[in-house]
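Within every chain, numbering begins at 1; the chains are lettered A, B, ... in the order of the sequence lines, protein sequences first and strands thereafter. All values below were derived from every heavy atom in this structure, side-chain atoms included, with hydrogens, water molecules and symmetry-related copies excluded.
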2 protein chains.
Amino acid sequence: MTARKGKNPSELEIFRDFLKHQGMRYTPERETIIREIFSTHEHFDVDSLYLSIRQKGHRISKASIYRLIPLLIQANLIEEVFFEKGQMHYEHIYGHEHHCHLRCKQCSKIEEFSDHRVAQIEQDLEKRFGYKVLRHRLDVIGLCKSCQKKAAESS
Amino acid sequence: MTARKGKNPSELEIFRDFLKHQGMRYTPERETIIREIFSTHEHFDVDSLYLSIRQKGHRISKASIYRLIPLLIQANLIEEVFFEKGQMHYEHIYGHEHHCHLRCKQCSKIEEFSDHRVAQIEQDLEKRFGYKVLRHRLDVIGLCKSCQKKAAESS
DNA sequence: GGCTTATTGACATTGAATAGCAATTTCTTT
DNA sequence: AAAGAAATTGCTATTCAATGTCAATAAGCC
Ligand SMILES: [Mn+2]
Ligand SMILES: [Mn+2]
Ligand SMILES: [Zn+2]
Ligand SMILES: [Zn+2]
């Protein structure tokens with residue numbers, strides 16, 4: 001809630017405020033992890049995040065990542081994207097347009113899209129069920145062009 | 001593909017054909033599990049399914065359930081619904097209208113709904129990205145009426 | 001600086017999901 | 001109907017993502 005000066009606060013500022021508000025502490029480990037998450041637009045899982053942090057020479061334990069993720073979700077900085085091969089996958093959402101995912105069942109390729117009709121559906125749901133909608137997750141599963149071609153050739 | 005006689009084949013008939021087509025075998029254990037899954041419209045996880053099967057006096061191992069689920073998904077009889085508290089949750093889809101889920105973040109209450117606009121979105125995605133869409137999953141997360149009330153009272 | 005207490009990293013533990021295997025059972029073939 | 005090949009079962013052991021424990025450390029407040 002400390003959005004001074006009209007400028008958009010950075011994810012680090014947001015998170016620092018969040019921590020203070022909760023009586024928690026801002027540490028170099030947390031900063032390093034957040035910087036890494038926001039350094040690309042890629043989706044990530046704990047393992048891939050851990051590896052890319054280590055590759056840059058930082059020495060952070062996996063436990064710290066596991067402990068940080070729920071806090072980042074609470075602070076609305078990241079979101080669960082999908083659960084695949086036994087692991088949860090995430091992406092950072094702060095500073096990016098909300099979007100949904102079109103995924104290839106075969107090769108796991110992902111296209112991102114957004115569609116205003118989903119917001120309309122949400123509004124109708126609020127009226128119809130009396131829920132207060134917080135967010136949504138629309139995953140569309142299909143076959144990408146090249147996987148369709150492969151499937152056609154092998155038949 | 002053995003839809004003879006105009007009548008809709010039962011889930012057991014569907015699955016029997018599926019197994020034959022794959023060179024697999026139809027067993028009493030598989031039949032028991034499928035009957036249980038299709039005996040209600042409830043969502044289920046492996047544990048709850050196992051318990052309700054045991055409560056009816058059947059003696060089936062959990063391993064058989066874990067092994068059957070991927071087959072039922074392949075045969076389009078069930079689908080993953082959501083991943084929560086470390087477990088995947090499923091529902092049977094054969095014989096029921098497709099629907100999406102509106103879930104309360106607080107109390108996990110679930111409303112089911114369907115909206116034709118999602119199908120329109122799918123069509124647009126096929127054109128735009130060249131994917132062949134197979135299915136979708138739209139989860140809307142929010143606060144149900146009573147959880148909103150509770151939240152308002154405690155502030 | 002000094003004090004309180006959250007956080008870290010190392011290690012142990014949990015628990016869903018999977019793998020291995022011998023005893024059965026299904027299902028095709030005579 | 002009996003036999004044989006191969007899939008399935010139930011058991012156990014194993015994997016591995018995620019969580020818990022705890023002493024040492026470090027952040028944040030005075
Ligand atoms: Mn994305
Ligand atoms: Mn449902
Ligand atoms: Zn593909
Ligand atoms: Zn609720």
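For Y90(B), the ring pair (Phe, Tyr, Trp, His ring centres under 6.0 Å) partners two or more places apart in sequence, or in a different chain, are F44(B). In terms of the ring pair (Phe, Tyr, Trp, His ring centres under 6.0 Å) criterion, residue partners of H98(A) (sequence neighbours excluded) are, by chain and number, H136(A). R128(B) meets the side-chain contact (heavy atoms from CB on, under 4.5 Å) test with F113(A); sequence neighbours excluded. Residues meeting the side-chain contact (heavy atoms from CB on, under 4.5 Å) test with T40(A), sequence neighbours left out: E42(A). Under the ring pair (Phe, Tyr, Trp, His ring centres under 6.0 Å) criterion, F38(B) pairs with H92(B), sequence neighbours left out. Under the rule for a ring pair (Phe, Tyr, Trp, His ring centres under 6.0 Å), the partners of F83(B) that lie at least two apart in sequence or sit in another chain are F83(A).
Remark: Y66(A), R67(A) in residues 54-81 of chain A come within less than 4.0 Å of DNA chain D through at least one heavy atom.
On the nucleic acid side, DNA chain C contacts chain B at distances under 4.0 Å to non-hydrogen atoms, with the end points of that region at dA16(C) to dC27(C).
The number of heavy-atom neighbours closer than 6.0 Å to NE2 of H96(A), taken from other residues, nucleotides and ligands shown, is above 12. More than 12 non-hydrogen atoms from other residues, nucleotides or ligands lie less than 6.0 angstrom from CD of E112(B).
Spacing between atom CG of D45(A) and atom P of dC16(D) amounts to 14 Å, rounded to whole angstrom units. Between M88(B) atom CE and dA17(D) atom P there is a gap of 15 Å when expressed in whole angstrom units. The interatomic distance linking Q22(B) (CD) with dT8(D) (C1') rounds to 15 Å, in whole Å. The CD atom of E84(A) sits 15 Å away from the C1' atom of dA17(D) (whole-angstrom rounding).
Shown are K145(A), E111(A), R103(A); of these, the side chain to side chain contact (heavy atoms under 4.5 Å, CB included) with Y131(B) is made only by E111(A).
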| How does protein reach along nucleotides 25-30 of chain D, written 5' to 3' as B (base within reach of a heavy atom under 4.0 Å), S (only sugar-phosphate), or - (no contact)? | -BBS--
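Chaining together hydrophobic side chains whose heavy atoms lie under 4.5 Å apart places L134(B) alongside L143(A).
Y50(A) and R54(A) share a donor-acceptor pair across their side chains, judged by distance under 3.5 Å alone.
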For residues 67-75 of chain B, dump all side-chain donor-acceptor pairs below 3.5 Å to protein atoms at least two apart in sequence or in another chain.
none

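Between its opening and closing five pairs, the helix from dG1(C)-dC30(D) to dT30(C)-dA1(D) changes axis direction by 40°, a value rounded to 10 degrees.
Note: H99(B) and H43(B) have parallel aromatic rings, judged against thresholds of 30 and 60 degrees for the angle between ring planes.
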